[in-house]
There are 2 protein chains.
Amino acid sequence: MNIGEISRETGLTAKTIRYYESIGLIPPADRKANGYRAYAPNDVATLKFISRARTLGFSLDEVRGLLTLWHDKARASADVKAMALEHIAGIEDRIQELEQVKNTLVHLTERCHGDDRPECPILEDLAGS
Amino acid sequence: MNIGEISRETGLTAKTIRYYESIGLIPPADRKANGYRAYAPNDVATLKFISRARTLGFSLDEVRGLLTLWHDKARASADVKAMALEHIAGIEDRIQELEQVKNTLVHLTERCHGDDRPECPILEDLAGS
DNA sequence: CTTGACCTTCCCCCAACTGGAAGGCTCATA
DNA sequence: TATGAGCCTTCCAGTTGGGGGAAGGTCAAG
């Protein structure tokens, strides 16, 4: 299996897969006689695992930890759960921040006429008036 | 006014202020005889404007546009409002995404015992079981 | 024999800074 | 006068998670 094929199967670009290898997130792929990377069906599962974890917002460093736990058959599910809960907390913080920013902007836009006159409460607020 | 003083007044680090100058977000500061940057009280207002816009999540490129509008006394408030509304839409999208990710993670953690046994629905889901 | 689709490595680019090195300036104090 | 603290200067590199594209090797089809 060439990198292009596993790329299509996993939805990750070839660039991304090479990048994951370069930072040691996945082990160096075997090489064919011509120097091409050779992937096994097993590698599809690993890359999909990574892809899903990324979709859930885990950083590559966190993914590294998840991969370790995944391969550790003696792991404690508490460790995984702790990571997930911490991640949820971070997401909640981020949502809070965004909500606050959004509310401020909504208030400002409501007070802005939005016509061809220059008076603008949004700019006035940014200017600290 | 040295860069350190305007830094304390605006809450932006000296590094950041130099960076803003380097990318042309603010004009090059005047220099004193010793080569130090010299700031006027007026510059405090500009930097605070930038800082507030950043707090509201505008990118530096958007801030550039806001600064232009701010200085343009013939601006139409509709232009500012359009930027703000678009920004709000982007924030709402981001919140939606985060909510979805959070919900998924919450569901998964609820099904995970979180004890010293290895069975873990979180990892199973990532593995695509 | 050539064409096109692969693959390889390499280095630069993005945002929005931050950290640190190496050096110059200024002022107070011993 | 020296020295030390605390400013300031420029420049280079690193962060996250890759993307773009060059220069070149490989492979199968026509």
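Naming convention: chains lettered A, B, ... in sequence-line order (proteins, then strands); numbering from 1 in each chain.
Distance alone, capped at 3.5 Å, is enough to place a donor-acceptor pair between the B:Asp43 side chain and the B:Ala40 backbone. Between the side chain of A:Lys102 and the backbone N or O of B:Ile88 there is no donor-acceptor pair closer than 3.5 Å. Of the possible polar contacts, none joining the B:His87 side chain to the B:Glu62 backbone as a donor-acceptor pair under 3.5 Å is found. Formation of a donor-acceptor pair under 3.5 Å by the B:Asn2 side chain with backbone atoms of B:Gly4 is not found in this model.
When the side-chain nitrogen and oxygen atoms of A:Thr13 are compared with OP1 and OP2 of D:dG18, none of them lie within a distance under 4.0 Å. Between A:Thr16 and D:dG17 there is no side-chain N or O to OP1 or OP2 distance below 4.0 Å. Within the structure, every side-chain polar atom (N or O) of B:Tyr20 is placed at least 4.0 Å from both OP1 and OP2 of C:dA16.
B:Glu9 and B:Lys48 make their closest contact through O-CE, 3.3 Å (heavy atoms, listed as atom of the first residue, atom of the second, distance).
Across the protein-nucleic acid pair, A:Phe58 atom CZ and D:dG17 atom P stand 13 Å apart, rounded to whole Å. Atom CD of A:Glu5 is separated from atom P of D:dC27 by 16 Å (rounded to the nearest Å). Atoms CE (B:Met1) and C1' (D:dC7) sit 15 Å apart, rounded to a whole Å. Atom CD1 of B:Ile23 is separated from atom C1' of C:dC14 by 13 Å (rounded to the nearest Å). Rounded to whole Å, atom P of C:dA16 lies 12 Å from atom CD1 of B:Ile50. Residue B:Ile17 contributes atom CD1, which lies 15 Å from atom C1' of C:dA16 at whole-angstrom precision. In this structure, CZ of A:Arg18 is placed 13 Å from C1' of D:dG18, rounded to the nearest angstrom. Look at CG on A:Leu25: it is 13 Å from P on D:dT16, rounded to the nearest Å.
Other residues, nucleotides and ligands place more than 12 heavy atoms under 6.0 Å from the CG atom of B:Asp93. Few gaps surround CD on A:Glu92; more than 12 heavy atoms of other groups in view lie less than 6.0 Å from it. Within a 6.0 Å sphere centred on CD of A:Glu86, heavy atoms belonging to other residues, nucleotides or ligands number 12 at most.
Using a 4.0 Å cutoff on non-hydrogen atoms, the parts of residues 26-48 of chain A near DNA chain D are A:Asn34, A:Tyr36, ordered by number. Annotation: proximity of residues 93-104 of chain B to DNA chain C (heavy atom, distance under 4.0 Å) is found for no residue.
Residue B:Asp61 is the one, among B:Asp61 and B:Lys15, whose nearest nucleotide of DNA chain C lies closer to the 5' end (criterion: closest heavy atom).
Each side chain to side chain donor-acceptor pair (under 3.5 Å) pair with one or both residues in residues 115-129 of chain A, not counting sequence neighbours, appears once here: A:Asp115-A:Arg117, A:Asp115-B:Ser77.
Using a 4.0 Å heavy-atom criterion, one finds that B:Ile3 contacts the sugar-phosphate atoms exclusively. Among the atoms of the strands shown, only primed sugar atoms or phosphate atoms (P, OP1, OP2) are found under 4.0 Å from some heavy atom of B:Arg54.
Relative to the side chain of A:Tyr19, the nucleotides C:dA16, C:dC7, D:dG18 differ in distance, and D:dG18 lies closest.
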Worksheet entry | Test log, rule salt bridge (Lys or Arg N to Asp or Glu O under 4.0 Å), inputs A:Arg94 and A:Glu97 | CA-CA 5 Å; A:Arg94 186 83 190 106; A:Glu97 284 171 23; 2.9 Å; yes

